[in-house]
Every structure is written in structure tokens, then in C-alpha cells.
Amino acid sequence: MRVRFAPSPTGYLHIGNARTALFNYLLARKDNGSFVLRIEDTDTERSKPEYEKIILEDLAWLGLNWDEGPDVGGPFGPYRQSERLEIYQEAAQRLLKEEKAYLCYCAPEELEAMRQAQMQRKESPRYDNRCRSLTAQERAAFEKEGRKPVVRFRLPERKVTFNDLIRGEITFDTALMGDLIIMKSDGKAAFHFAVVLDDIAMEITHVFRGEDHISNTPRHILLFEAFGKIPPFFAHMAMTLGPDGSRLSKRHGATSLRELRSQGYLPEAIFNYLALLGWGTTDDKEIFTPAELMQEFSLGRCKEGAAIFDMAKLTWMNGLYFQKADLSRLVDLSLPFLREAGLVSETILPEEREYLARVITVLGERIKKFSDLPETAGIFLKDEVEYDAQAKAKTLQKEGVNKILADLSQLLEKEADFSTANLEKVIRDYCVNQNLKTSAVFHPLRVAVTGQTVGPGLFETLSLLGQKKTLRRLQTAQQNISE
RNA sequence: GGGGCGUUGGUCCAGUGGUCCAAGAUAGCGGCCUUUCACGCCGUCGACACGGGUUCGAUUCCCGUACGCCCCGCCA
């Protein structure tokens, strides 16, 4: 089995395409086949080399690896369509010679006008094949006008049926389609032509792509046949849609791997989540390792209906993977986010690293993604406390709180042992001695040292903060109360 | 306008001609736990798009309708 993923480098890789890549990857790995990466950059206007670089990076970041591609090479290269122009030109010449294709001199404006007229007459907008039987004189006349022709593929008039591996038998009638352009007037291959020629040349056995290509499949099949090739198997997976059910786009927020990555999602969480979009097992299992997915994935269990990308569920799953992740890796990954927020400096000392590791440990399940970190870790990393106005009014500016904080200051100043266990003992004892409810002490203390009413366990917090910071914050809090 | 593909709770997904007054997850809501939040646990809300047909019986099969998406580009 040989499958391919063929992105166009015209922007970031969005999650719909990433999922297509992932499914192809899983299929190949399950079958011990080859996963080919091909860059479809025949659109020179929109294709940018920097996007290709980013797409490759993000695919690798997700955890996919390819057996053949523009960067790693392979026996069927080159893997960039812009480097395969001669192949397409030769193939077009061959079809021209065999009269399976012809030159069309229609100008874009003429075609547009034709479409408009057809629409007005409530007809299908499609090319009327008017250049199919141009005489030599007519062609010469157009050439004399300076027109640059395109090459069109002469569609045999018949019904085309194929057996989609996910959807079953699908039939189209080419009588309803116009001849398609295979070579543009600038001499570059059109998408459909390049795709088929590459799939032939790269010996792709299974074309596994989005359902937006179902209607293109008969054209592809006819092209395969025009070259005397047996078409590959086709499988069309359902679309990934935005929360409103429309096609995924910018206005849906973070929809590319790049953006998800910059928001602090873990690649293994995205890998797992994406696999569950349009595919599922018969049991209740939802958490899969890549190895398990490679084993269990199958075309037969792919859904026909479109799936909506749900950020909330991804976030939940990301939290799960966060708990599983290796601590020192989490520290590494957290650094850019903390730097961005100005919470750590550019270079980081070993003891700062150690401290960060403790912060992340203490924060625990509270972190669902890295972008949460500056907010939650801030209380440990900032020098000064920022008091939440509501917390201050409700918890700090209360009768008796000032005395409690003053007492605790005295108490903790004498305390040499700032371990979680000892702090808990000391403070609980204080509550008993003063005949105070624990909540009457714990809550103000938390707000005093963190500025917030929520956060990790109080004694873990104090212990991690250390004596010096704790005492200073207690002082700040007392000053704050009177203000 | 033509053609194609689809439609199980808000979302993802399981399931089957009768055992389905439809499972699980996520989200929401409520509770328990706890010094708070989160986690965890428990509970709760909530779906077979609609109409015909086939059948003893249909969410499951067939037809139609509605709705959604896709193609009909010198974009890919």
C-alpha cells in the first residue's frame, strides 16, 4: 500500500488537512505501507516556500513521519509539483497527439461571460467544449491574435462508477461536465492533471482524501484511463467543520496546527483527538497511543458524516496528556509562554528550572494548556502580589483579618521548617489556640499571599513560596487592607 | 440551476429489523470530596431530521422532502 498526503503551501496547515494527513499516516503504518508527502505548488501566485517549511515542521511536530517527501527524497521524486513540470508537459503532448486532449483558445473573460449566460438561463455553468473541433485555420487565427491556449482533456461521454472504500458505489455522468483544463496557458499543469500524473508516477495505491474531492474523482478516473492505467482505490473521508457547521475558516479562531501549538496544546493530544474525529471504535475507548491507533485504525470504521471540531473536548484531552507528560519536558515547553508573559528571563539558571518544575508540579491538574500557565503560575513567579479586587473586598477587608495576618506573620517568622506538613501543623494549631474556624484563617491567608481566592493547596503554596516571600506578602496584604 | 455526498442528545461517537422507553465521552446543571479552585466520584438534562412505503415489527431497509456540505474555476 502506498498513500500520500498532498498539501498546497498556501498557508498554515489547518486541522482538517492535518486530520487527512493523520488518517493517511495511520492507514500506511497499519498496513506497513508507504506514506508519501507531496507538495502541490502549481499555483505560483499563492504558493510560498515558507509555508512548505512550516507545514513540514508542524506535521513532524504532530508526530507524523513520511517515507518519501521533498525533504527526505525517495525513489519517485521530485516530490514538489513545481519541479515536475516537464513530466506534465510531456504527458499533455502525448494526450494531444492521441487526440484525447485539444487546445482551447477561449479567453477567461469569454468563459466567464458564458458561465453568466448559462446561469441566467438556469443551466449548469460548464464549458461547452466549443474548441473541441477547431480547424487548423481557426487555431492559426487565434494564434495570430496572440492568444495563448490551454490544453483541455476531452471527456469521453459515459457514466463513471467507482467503489468508494468508505461510501460504496458512486456514479457520475460525464455528459453533465465540461472538458477540463489540464494545462494552463502559462504552461503549468492544472491541479487535476498534476494529481493524477503524480499518483501514477508515485505508484499510489489508495487515494484517501476529503469528501470535497468526490465530485472530482470521475475526472481523475478518466485521466488514469487515458494513460492506460488502472485507477487506485478511492476513499473519501468526511469534512471537518467549524462549531457553526460551516467549513473551517479563520473566523472560527485557532484552526491551524500552528495556532494550536502556540496556544499550548500538546501534539500527542491533538494526534489523539483528531483520530477520534470521523472515526471511532466499538468500545468506549477514547485515549489511544499512536501505536494503538496504527493497529486499530481502519477505513471501514470511518464515518460518512461531517464532524465538528470541538475545542472544549480537545482542551479536556490536552489536560489528560498534560498530567501524563514528563516533567522536564513540560518545563521546557512552558518556557516560551512564561518568557512571553515576562515571568522568566531569557536564560534560565538551574535553580530557576528546579523551581519551575516544582511550580508545575504544584499546579498539577489545574493546567490544561500552556497558555493557562502565566495566569496560574504567576503567583509563584511574580515578585509582587496583585490583589483581585473582589477577593480583597470579600476576604481581606473583613473584621479580624488584620490581626490574624499579623499573628501569622509573627508565627511564620520564627518557623524554620517551611515544609508543607509542618506549615499545616503550625497553622492548624494556631486556629485551635485562637478558637478560630480553619476557613476563617485559610481563606484570608490564601488571598494575602496569592491575591486570589483560587489556587493550589494552601500549604503547598506557602511552602513553595518560601519563608521570605510569604512574610513579605503578608506584610503587603496588611498594608493593603487599610487602603 | 445541475450533479454528488451526508443527517443518532449542544458536540464527538456506539449500536441494531424486535434484547433501544438507544450506550460512552465532552460540554451544561446538581451533589460529594476538599481550606479554595481544579482533579476524582456520584447524579441529572438531552438524540435516532421529517413524511411515506416494505414488514407482524423500523432508528436500522426502500422512496420522497427538508436541511447541511461539496463539485460544476486558466484555486488546490
Side-chain angles (χ1 to χ4, degrees), chain A residues 6-10 40-43 45-47 81 104 106-108 111-112 115 118-127 148-152 164 166-167 170-173 176-178 180-186 188 190-192 194-195 210-219 236 238-239 241 243 245-247 273 276-287 301 303-317 319 323 363-368 376 391 395 424 427-428 431 437-443 445-447 450 452-459 461:
Chain A
S8 291
T10 55
E40 309 216 319
D41 55 353
T42 51
D43 182 354
E45 291 286 306
R46 297 197 301 146
S47 296
Q81 290 188 331
C104 164
C106 296
L111 294 170
E112 185 52 36
R115 269 191 291 271
Q118 286 165 331
M119 302 258 258
Q120 242 163 33
R121 278 176 275 145
K122 304 241 187 252
E123 290 170 15
S124 290
R126 70 180 134 111
Y127 183 58
K148 289 262 177 283
V150 299
V151 180
R152 281 189 192 265
D164 189 288
I166 292 173
R167 289 150 208 276
I170 300 176
T171 301
F172 287 89
D173 189 347
L176 272 15
M177 308 174 198
L180 69 145
I181 293 174
I182 55 176
M183 294 296 283
K184 303 186 248 186
S185 59
D186 63 1
K188 305 251 170 65
F191 168 74
H192 297 296
V195 164
E211 75 175 313
D212 47 339
H213 285 301
I214 292 179
S215 313
N216 293 326
T217 305
R219 289 180 254 272
H236 291 95
M239 295 272 121
L241 305 176
S246 71
R247 199 172 193 174
Y273 175 73
L276 258 30
L277 230 45
W279 178 86
T281 50
T282 53
D283 54 30
D284 296 337
K285 195 169 159 75
E286 287 200 304
I287 303 303
R301 295 208 59 82
K303 295 258 296 184
E304 289 105 322
I308 288 174
F309 176 72
D310 180 16
M311 190 72 91
K313 188 151 184 179
L314 203 216
T315 303
W316 162 76
M317 195 173 276
Q323 306 317 313
L363 256 18
E365 329 47 54
R366 267 153 284 255
I367 315 169
K368 293 220 167 128
T376 47
T395 316
E424 177 154 10
I427 294 169
R428 280 193 190 276
C431 294
K437 285 207 300 195
T438 52
S439 59
V441 174
F442 291 178
H443 292 298
L445 180 53
R446 171 188 302 285
V447 175
T450 69
Q452 297 169 6
T453 54
V454 301
L458 180 58
F459 308 109
T461 302

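Sequence lines set the chain letters: A, B, ... in the order given, protein chains first and strands last, and positions in each chain run from 1.
The backbone N or O of A:Ala190 sits nowhere less than 3.5 Å from a side-chain atom of A:Thr42 that would complete a donor-acceptor pair. Checked by atom type and distance alone, the side chain of A:Arg301 never pairs as donor or acceptor with a backbone atom of A:Trp279 at under 3.5 Å.
Other residues, nucleotides and ligands place more than 12 heavy atoms under 6.0 Å from the NZ atom of A:Lys285.
Set against B:rG24, B:rA14, B:rC72, the side chain of A:Glu286 has B:rG24 as its closest nucleotide. Comparing B:rC74, B:rG2, B:rC72 against the side chain of A:Ile181 picks out B:rC74 as the nearest. Comparing atom distances between the A:Ser215 side chain and each of B:rG3, B:rU26, B:rU35 picks out B:rG3 as nearest. Proximity note for A:Phe172 (side chain, C-beta onward) versus B:rU35, B:rG15, B:rG4: the nearest is B:rG4. Comparing B:rG4, B:rA38, B:rC74 against the side chain of A:Lys368 picks out B:rA38 as the nearest. Candidate nucleotides B:rU36, B:rA27, B:rG6 were compared by shortest atom distance to the side chain of A:His443, and B:rU36 ranks first. Listed nucleotides: B:rG73, B:rA76, B:rC13. Nearest to the side chain of A:Pro125: B:rG73. The side chain of A:Val454 approaches B:rC37 more closely than any other nucleotide in the set B:rC5, B:rC13, B:rC37.
Nucleotide B:rC5 holds its C1' atom 9 Å from the CG atom of A:Asp164, rounded to whole Å. Between A:Ile367 atom CD1 and B:rC39 atom C1' the separation is 13 Å, expressed in whole Å. In this entry the distance linking CE of A:Met177 with C1' of B:rG73 reads 15 Å, nearest Å. Look at CZ on A:Phe191: it is 10 Å from P on B:rC71, rounded to the nearest Å. In this entry the distance linking CZ of A:Arg121 with P of B:rG2 reads 15 Å, nearest Å. Distance CG (A:Asp212) to C1' (B:rC5): 11 Å, rounded to an integer number of Å. To the nearest angstrom, C1' of B:rC72 lies 16 Å from NZ of A:Lys122. The distance between atom CG of A:Leu241 and atom C1' of B:rC69, rounded to the nearest whole Å, is 7 Å.
Base pairing analysis places B:rU19 opposite nothing; no Watson-Crick or G-U wobble pair with both distances below 3.5 Å involves it. The nucleotide B:rC50 finds its pairing partner in B:rG64, both defining distances of the Watson-Crick or G-U wobble pair being shorter than 3.5 Å. Remark: B:rU44 base-pairs with B:rG28; criterion is Watson-Crick or G-U wobble with both hydrogen-bond distances under 3.5 Å. A 3.5 Å limit on both hydrogen-bonding distances identifies no Watson-Crick or G-U partner for B:rC75. Using the Watson-Crick or G-U wobble rule with both distances under 3.5 Å, B:rC39 pairs with nothing in any strand shown.
The residue A:Leu277 sits close only to the backbone: its heavy atoms come under 4.0 Å of sugar-phosphate atoms, none of a base. Base engagement by A:Phe459 is indicated by at least one non-hydrogen atom pair under 4.0 Å involving a base atom. Heavy atoms of A:Ser439 sit nowhere under 4.0 angstrom from any nucleic acid atom. Within the nucleic acid shown, A:His192 comes within 4.0 Å of at least one base atom, counting heavy atoms only. A:Glu40 comes within 4.0 angstrom of the backbone, heavy atoms only, and of no base. In this structure, A:Ser185 reaches the bases: a heavy-atom distance under 4.0 Å links it to at least one base atom across the strands shown. Residue A:Arg446 is classed as a base contact, given a heavy-atom separation below 4.0 Å to a base. Using a 4.0 Å heavy-atom cutoff across all strands shown, A:Arg167 reaches sugar-phosphate atoms only and no base atom. At a threshold of 4.0 angstrom between heavy atoms, the contacts of A:Ser47 with the nucleic acid are absent. Residue A:Gly305 is in sugar-phosphate contact alone, with no base atom involved, counting any heavy-atom pair closer than 4.0 Å across all strands shown. Across all strands shown, A:Leu363 has no heavy atoms under 4.0 Å from either base or sugar-phosphate atoms. The residue A:Gly457 sits close to a base: some heavy atom pair falls under 4.0 Å. Using a 4.0 Å heavy-atom distance criterion, A:Pro456 is classed as a base contact. At a threshold of 4.0 angstrom between heavy atoms, the contacts of A:Lys313 include nucleobase atoms, whether or not backbone atoms are also involved.
In this model, the phosphate group of B:rC70 is approached by a side-chain N or O of A:Arg247 to a distance below 4.0 Å at OP1 or OP2. Regarding contacts with the backbone of B:rG15, a side-chain N or O of A:Arg301 is found under 4.0 angstrom from either OP1 or OP2. Distances shorter than 4.0 Å separate none of the side-chain N or O atoms of A:Arg46 from OP1 or OP2 on B:rC74. For A:Lys285, no side-chain nitrogen or oxygen approaches OP1 or OP2 of B:rA14 to under 4.0 Å. Between A:Thr42 and B:rA76 there is a side-chain N or O to OP1 or OP2 distance below 4.0 Å. Distances shown here put every side-chain N or O of A:Arg366 at or beyond 4.0 Å from the OP1 or OP2 atom of B:rU36.
Look at the P atom in both B:rC29 and B:rC71: the space between them is 39 Å, to the nearest Å. Going from the C1' atom of B:rC42 to that of B:rC33 covers 11 Å, rounded to whole Å. Look at the C1' atom in both B:rC75 and B:rG64: the space between them is 36 Å, to the nearest Å. Nucleotides B:rU44 and B:rC37 are separated by 23 Å at their P atoms, to the nearest Å. Nucleotides B:rC56 and B:rC41 are separated by 48 Å at their P atoms, to the nearest Å. Nucleotides B:rG9 and B:rU59 have their C1' atoms positioned 14 Å apart, rounded to a whole Å. Of the P atoms belonging to B:rG40 and B:rG52, the separation is 46 Å, rounded to the nearest Å. Between B:rA27 and B:rA47, the distance separating the two C1' atoms is 15 Å to the nearest Å.
A heavy-atom distance below 4.5 Å is not found between the side chains of A:Ile170 and A:His236. Counting heavy atoms from C-beta outward, A:Ile427 and A:Phe442 have side chains that approach closer than 4.5 Å. Contact check for A:Asp43 versus A:Phe191: no side-chain heavy atoms found under the 4.5 Å cut-off.
In this structure, A:Asp310 and A:Glu211 both approach RNA chain B, and ranking their closest nucleotides by distance from the 5' end singles out A:Glu211. Comparing A:Pro149 and A:Met239 by the nucleotide of RNA chain B that holds the closest heavy atom to each, the one mapping nearer the 5' end is A:Met239.
Here the straight-line distance linking atom CD of A:Glu211 with atom CE of A:Met239 works out to 5.0 Å at 0.5 Å rounding. In this structure, A:Leu314 CG and A:Phe309 CZ are separated by 4.5 Å, a value rounded to the nearest 0.5 Å. A distance of 12.5 Å separates OG in A:Ser439 from CG in A:Leu445, rounded to the nearest 0.5 Å. Taking NZ of A:Lys184 as the start and CD1 of A:Ile182 as the end, the distance is 13.0 Å to the nearest 0.5 Å.
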